[in-house]
Colleague: 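Provided herewith is a single structure, encoded as structure tokens, for subsequent inquiry.
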Amino acid sequence: MVVVELILPLILIGVVAAVIAIMMRRRALEQDRTRRAELESQLSASMKVAEEDVTRFGEELQNLDADVAGHPLNEAMQQDYHRALDAYDNAKTSLAAVKDPDEIGNVTEILEDGRYAVACVKARIAGDPLPQKRPPCFFNPAHGPSVKNVLWAPPGGAERDIPACAADAERVEAGADPYVRTVPVGSKRVPYWEGGQAYAPWAQGYYNSWRGSDMLTGMMLGGLLFGGGGNIFGGIGEGIGAIGEGIGQGFEGIGEGFGDIGQGIGDMFGDIFGD
């Protein structure tokens with residue numbers, strides 16, 4: 001009888017430990033499924049906007065073919081022209097190889113360089129000086145390289161110095177709204193900088209080569225696009241915070257479970273040895 005009374009608690013403790021292990025395993029699997037679903041959703045959203053940009057760039061190259069037709073191509077023009085064509089091919093190849101949302105930035109970084117090459121070809125055809133290498137138009141990076149900075153304030157936000165393409169600069173200076181790139185979020189479309197984590201790698205790719213540049217630092221975009229504050233891509237910080245909160249809640253739940261189990265074991269020993 002004494003042996004049974006000693007072995008029984010050990011058996012129960014083993015059972016409880018097994019139950020805890022199963023519960024923790026299920027929790028981990030559930031969190032993994034949730035994370036995978038989030039990544040798939042982000043990948044789908046970012047892939048769609050990247051595909052739109054690659055398609056648009058292909059159309060720009062078709063128009064460039066018409067511009068080039070009938071003009072003799074000197075060596076410098078050929079180099080810029082082939083650089084643009086290579087960018088299109090490389091962007092398509094990079095897009096096809098994307099497996100993770102963070103890889104979308106590789107595609108848009110290639111497009112950013114390709115659009116500058118297109119701008120160089122057009123300048124050579126027109127006999128104009130080569131355009132200054134500048135960050136893409138902030139309002140829509142697919143507009144190509146910016147030509148100047150304009151003062152602009154987002155609704156409810158502070159005024160800041162923004163790189164803009166010629167058309168958007170003209171609109172802003174005339175008091176009109178710039179042509180902003182919008183993305184789908186739920187049932188509505190919002191400016192891409194309000195799209196959250198799903199669109200962050202896509203936008204960041206356009207500005208990767210400008211990290212740490214005075215052109216971005218002076219315009220307050222370096223921090224806004226790459227995690228320095230503001231509401232642009234604030235979803236990144238909020239997402240990280242939510243993950244941390246979820247982990248904390250998970251540990252809190254596990255702790256509560258251990259407390260309940262501990263109380264149950266204590267009651268069990270009390271029943272066995274209390275008499």
Side-chain angles (χ1 to χ4, degrees), residues 42-69 77 80-98 101-126 131-148 150 162-172 176-185 188-196 198-210 221 225 232-233:
Q42 292 173 9
L43 180 60
S44 175
S46 58
M47 283 284 286
K48 184 175 181 180
V49 293
E51 287 170 354
E52 292 173 355
D53 284 3
V54 172
T55 299
R56 176 170 177 166
F57 186 58
E59 295 170 350
E60 293 172 12
L61 290 178
Q62 290 179 352
N63 295 332
L64 186 65
D65 286 341
D67 294 336
V68 170
M77 190 182 296
D80 288 331
Y81 185 58
H82 287 297
R83 182 177 176 181
L85 295 178
D86 289 343
Y88 179 58
D89 290 337
N90 292 338
K92 289 191 298 182
T93 301
S94 181
L95 182 63
V98 168
D102 289 340
E103 297 173 353
I104 290 292
N106 299 331
V107 179
T108 49
E109 186 173 1
I110 293 170
L111 292 177
E112 188 262 336
D113 183 69
R115 285 197 167 94
Y116 178 70
V118 169
C120 289
V121 173
K122 291 182 177 180
R124 294 184 189 280
I125 292 175
Q132 180 187 4
K133 189 76 166 71
R134 290 179 51 89
C137 176
F138 172 73
F139 301 109
N140 184 349
H143 287 171
S146 59
V147 298
K148 63 187 298 186
V150 293
I162 296 296
C165 64
D168 279 329
E170 184 178 3
R171 292 188 187 98
V172 171
D177 292 330
Y179 186 66
V180 173
R181 177 68 175 269
T182 61
V183 294
V185 175
K188 61 181 181 179
R189 296 187 69 88
V190 300
Y192 75 88
W193 55 79
E194 295 179 4
Y199 301 101
W202 166 83
Q204 289 169 354
Y206 277 114
Y207 298 93
N208 273 343
S209 61
W210 298 95
L221 287 180
L225 283 172
I232 297 178
F233 291 137

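When a residue number appears, it is its place in the shown sequence, counting from 1. Since the model is a prediction, treat every value here as computed from it, not as a measurement.
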Colleague: Between Glu51 and Leu95, which heavy-atom pair has the shortest distance, and what is it?
Modeller: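 Scanning both residues completely, I find the closest heavy atoms to be CG-CD2, 3.5 Å.
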
Colleague: Taking side chain to side chain donor-acceptor pair (under 3.5 Å) as the definition, give me every residue that meets it alongside Glu52, ordered by chain and number, with sequence neighbours left out.
Modeller: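 Applying side chain to side chain donor-acceptor pair (under 3.5 Å) to Glu52 gives Arg181.
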
Colleague: For Thr55, check side chain to side chain donor-acceptor pair (under 3.5 Å) against everything at least two apart and list the hits.
Modeller: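 Not a single residue meets the side chain to side chain donor-acceptor pair (under 3.5 Å) criterion with Thr55.
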
Colleague: Which heavy atom in Pro136 sits nearest to a heavy atom in Tyr207, and how many Å separate them?
Modeller: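 Heavy atoms only, the tightest pair is O-OH, 3.4 Å.
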
Colleague: Minimum heavy-atom separation for Ser46 and Ala198, please, with both atom names.
Modeller: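 Nearest heavy atoms, Ser46 then Ala198: CB-O, 3.3 Å.
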
Colleague: If we ignore hydrogens and angles and just use 3.5 Å, is the side chain of Asp80 paired with the main-chain N or O of Ala117 as donor and acceptor?
Modeller: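 Side chain of Asp80 to backbone of Ala117, a donor-acceptor pair under 3.5 Å: no, none is there.
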
Colleague: Under the rule for side-chain contact (heavy atoms from CB on, under 4.5 Å), what residues qualify as partners of Pro131, not counting sequence neighbours?
Modeller: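 side-chain contact (heavy atoms from CB on, under 4.5 Å) list for Pro131, sorted by chain: Tyr116, Ala119, Cys120, Ala123.
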
Colleague: How far apart are the closest heavy atoms of Asp67 and Lys122, and which atoms are they?
Modeller: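 Closest approach of Asp67 to Lys122, heavy atoms only: OD2-CE, 4.1 Å.
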
Colleague: Quick one: side chains of residues 81-88, donor-acceptor pairs under 3.5 Å with protein atoms, not counting sequence neighbours, listed by atom name and distance.
Modeller:
unit_1: Tyr81; atom_1: OH; unit_2: Asp65; atom_2: OD1; d: 2.2
unit_1: Arg83; atom_1: NE; unit_2: Asp113; atom_2: OD2; d: 3.0
unit_1: Arg83; atom_1: NH2; unit_2: Asp113; atom_2: OD1; d: 2.3
unit_1: Arg83; atom_1: NH2; unit_2: Asp113; atom_2: OD2; d: 3.3

Colleague: Using the test side chain to side chain donor-acceptor pair (under 3.5 Å), find all partners of Lys148 that sit at least two apart in sequence or belong to another chain.
Modeller: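 By the side chain to side chain donor-acceptor pair (under 3.5 Å) rule, Lys148 matches Glu173.
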
Colleague: Would Val190 and Lys188 satisfy side-chain contact (heavy atoms from CB on, under 4.5 Å), going step by step from the backbone distance to the final call?
Modeller: CA-CA 7 Å; Val190 300; Lys188 61 181 181 179; 4.0 Å; yes

Colleague: If I compare all heavy atoms of Ala164 with all of Cys137, which pair ends up nearest, and what's the gap?
Modeller: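 Smallest heavy-atom distance, with atoms named: CA-SG, 3.9 Å.
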
Colleague: For Ala167, enumerate each residue passing the side-chain contact (heavy atoms from CB on, under 4.5 Å) test, keeping only those at least two apart in sequence or located in another chain.
Modeller: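 With sequence neighbours excluded, Ala167 shows a side-chain contact (heavy atoms from CB on, under 4.5 Å) to Cys165, Arg171, given in chain and number order.
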
Colleague: Given 3.5 Å as the limit, does a donor-acceptor pair link the side chain of Ser146 with the main chain of Pro135, or not?
Modeller: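 Side chain of Ser146 to backbone of Pro135, a donor-acceptor pair under 3.5 Å: yes, one is there.
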
Colleague: Please determine whether side chain to side chain donor-acceptor pair (under 3.5 Å) holds for the pair Asn140 and Tyr206, giving the CA-CA distance in whole Å, both sets of side-chain angles, and the decisive distance to 0.1 Å.
Modeller: CA-CA 10 Å; Asn140 184 349; Tyr206 277 114; over 6 Å; no

